[in-house]
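Sequence positions, counted from 1, serve as the residue numbers for this chain. Computed from a predicted structure; not experimentally measured.
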Amino acid sequence: LPTWVNDMPSHEFGFLDYSVMFVYFVAMLTIGVWAGSHKKDDDEYFLAQRQIPWYAIGLSIVATLISSLSYISEPGEVFLSGFTNITGKFIAIVLETGFVLFLFIPFLMRFRFTSAYEYLGHRFDGNARKLGVIFFSLQTIAWMGFVILAMARTMVEVTHLHLGTIILLLGIITTLYTMVGGYRGVVWTDVVQFFLMFGGAFGCILFIGITTHSTPIDWIREATQFHGEKQSTKIFSLDPYHRSTIVSFALTMFVWHVCIHLGNQMTVQRYFSTTDLKAARKSFILAVFGNLCINTVLVLVGFAILYENLKGNTQVELSQEKKADMIFPRYMVEFLPPGLAGAVLTAVLAAAMSTISSGFNSLATVLAMERSKTSNPSSRASFAIRVTLIAGFLSTLLAYGIDVLVQDRNIVEMMPRSFNCFTAPLGGMFIIGIFIPWIRAVAMVPATVIAFVSAILISYGKELLGLEKNLSFTLVMPASLLIMIITAIVLDLILPGPRKDTAGLTWFSMNQRPNLHPSLISDFQEKKAHG
């Protein structure tokens with residue numbers, strides 16, 4: 001790592017920096033209060049009457065999926081693996097686009113579900129729906145705990161405030177505006193946070209370019225030479241212990257994107273809240289473009305910081321992977337001028353809070369829909385507010401203990417080994433339900449559990465199975481998904497049980513009218529069913 005990460009004295013965060021952050025907090029709470037002024041029935045609190053503009057949904061998806069975990073780890077990852085991650089990520093995004101645009105969104109938009117896991121109940125049975133809800137709930141609490149901790153550690157590096165104080169403050173403020181504003185508030189704060197995230201990273205690039213009289217071409221040239229000598233970037237490897245290659249990272253990110261767009265309420269809820277299929281598709285295309293833009297500027301930040309250190313003849317040590325996450329935060333405080341440092345830290349805050357608020361709201365939506373259908377709309381909305389409060393408390397509490405789990409691994413490695421152990425099993429439930437029409441709940445439910453256990457064993461093979469060392473983190477999601485699909489097919493052949501009517505509930509029966517209540521079938525589906 002650059003010696004300045006550990007050795008240089010830190011500058012104090014000044015009045016101007018804190019002022020920028022204060023204005024941001026006030027703006028988020030203001031948007032929450034404005035959104036909360038709308039009536040609190042189901043359609044408003046959970047989906048904003050399904051009338052959110054497509055461009056707001058698209059930017060909200062980007063802000064939701066690019067959390068502080070990605071925001072602070074991406075520049076540091078440049079020091080460890082060069083072009084490996086960003087190349088793999090771009091390949092995954094390109095591959096994902098066709099699946100989501102032409103398969104997933106058209107299928108999901110045929111229904112007027114509020115919770116994605118309603119589909120599992122109709123396609124399989126109540127047990128499948130409950131399992132999906134349980135997995136999503138556990139994943140969300142753990143994910144938000146990681147996001148809160150990553151943000152808190154960043155602020156500790158920059159402001160030197162107490163870790164516990166920052167965790168508590170971040171948890172309280174995000175929970176508050178999510179509770180007050182509901183889904184509408186979450187989406188519109190996401191829009192603001194998207195521009196803050198992009199602007200913060202872009203401002204950092206401009207500052208380095210101007211002060212060093214260099215361009216991205218210079219940064220990439222130096223980085224290419226540096227990582228060529230270190231052999232940090234590798235296209236492919238048959239070694240299952242090799243940390244990451246372009247192919248393996250592209251595969252794991254492809255599986256992640258596919259499963260998140262099918263099995264995660266945080267993303268699916270965005271599409272459900274658009275006016276129609278056309279709007280949902282437009283929002284996804286914008287999300288793809290926005291995702292590419294922000295990931296590009298974050299990687300350029302990493303290249304720029306690496307360039308500065310190489311030109312300064314600073315020794316770079318790559319053995320301390322955990323501390324690579326702190327390269328970008330420490331650069332903020334050591335080199336950025338007052339005001340700009342506060343603005344960039346505010347961008348990191350925006351990355352964290354957009355994901356946290358989306359996670360809390362989506363969890364509240366799912367659990368509220370699991371309540372008795374006899375509950376009146378205002379009762380379910382009130383219940384969702386209480387769930388948001390409890391989720392905020394649990395995630396904030398969890399953030400205190402996660403640093404023990406992280407140990408010597410950095411954020412990029414820990415994401416697949418922790419909350420993303422749920423990602424492939426959750427997404428696999430939908431993949432099997434939609435594209436393998438003969439699989440029954442009696443096979444799918446145990447296959448889902450087996451896939452989750454497999455993800456844990458792959459993640460912690462050294463600790464649990466006595467392996468020499470843990471397998472590459474890039475194998476966790478692809479391997480567990482493959483195990484799940486194979487297990488479901490085998491169990492369906494072995495286990496007895498009746499077949500369920502799946503008319504209209506699989507990709508191969510889309511032209512049939514599903515046996516659902518009319519309120520759960522979209523106008524698009526009705527027109528298709530009747531020619």
Determine whether more than 12 heavy atoms belonging to other residues, nucleotides or ligands lie under 6.0 Å from atom [atom1] of [X].
X	atom1	answer
N515	CG	no
F508	CZ	yes
K278	NZ	no
F393	CZ	no

Would you check if the side chain of [X] reaches a backbone N or O of [Y] as a donor-acceptor pair within less than 3.5 Å?
X	Y	result
K469	K462	no
R417	S459	yes
R110	I521	no
T252	S248	no
E74	L298	no
R513	A503	no
D125	A441	no
Y241	S472	no

Does a donor on one side chain and an acceptor on the other come within less than 3.5 Å for [X] and [Y]?
X	Y	answer
N264	Q139	yes
S137	T140	no
S358	T355	no
S283	Y271	no

| task | Apply salt bridge (Lys or Arg N to Asp or Glu O under 4.0 Å) to R50 and D276, showing your working. | result | CA-CA 9 Å; R50 302 182 192 264; D276 53 31; over 6 Å; no
| field | Pairwise distance OG(S115) to CG(L120) - rounded to 0.5 angstrom | value |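 One finds 8.5 Å between OG of S115 and CG of L120.
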| Spatial distance of atom CE (M151) from atom CD1 (I167) [nearest 0.5 Å] |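 Those atoms lie 11.0 Å apart.
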| Lys/Arg N to Asp/Glu carboxylate O, K130 vs E370, below 4.0 Å |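 Looking at E370 together with K130, the answer is no, because their closest N to O distance does not fall below 4.0 Å.
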| request: Could you walk me through whether F272 and F111 pass the ring-ring contact (aromatic ring centres under 6.0 Å, His included) test, one step at a time? | output: CA-CA 9 Å; F272 286 165; F111 309 103; 8.6 Å; no
| Would you call the rings of F104 and F435 parallel, tilted or perpendicular, where under 30° means parallel and over 60° means perpendicular? |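 Rings of F104 and F435: tilted, as their planes differ by 30° to 60°.
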| Aromatic rings F136 and Y117: how do their planes relate, parallel, tilted or perpendicular, breaks at 30° and 60°? |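 Because their plane-to-plane angle lies in the 30° to 60° range, the rings of F136 and Y117 count as tilted.
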| query | Under the ring-ring contact (aromatic ring centres under 6.0 Å, His included) criterion, do Y119 and F107 qualify, and how do the steps go? | reply | CA-CA 11 Å; Y119 169 77; F107 185 87; 5.7 Å; yes
| Yes or no on side-chain contact (heavy atoms from CB on, under 4.5 Å) for I105 and V100, after CA distance, side-chain angles and deciding distance? | CA-CA 6 Å; I105 293 179; V100 177; 3.8 Å; yes
| field | Close aromatic pair by centroid cut-off 6.0 Å: H122 and F113 | value |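 They qualify: ring centres under 6.0 Å apart.
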| Check: F284 ring centroid to H261 ring centroid under 6.0 Å |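 Distance test on ring centres: under 6.0 Å, yes.
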| task | I would like to know whether T506 and S509 meet side-chain hydrogen bond (donor to acceptor under 3.5 Å, both in side chains); could you show each step before the answer? | result | CA-CA 5 Å; T506 71; S509 61; 3.0 Å; yes
| said: Suppose the criterion is salt bridge (Lys or Arg N to Asp or Glu O under 4.0 Å): which pairs have a residue in residues 258-273, not counting sequence neighbours? | reply: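 For residues 258-273: D190-R270.
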| message | Set out, in order, the CA-CA distance, both residues' side-chain angles and the distance that settles side-chain contact (heavy atoms from CB on, under 4.5 Å) for M484 and I450, then state yes or no. | response | CA-CA 7 Å; M484 179 177 179; I450 290 172; over 6 Å; no
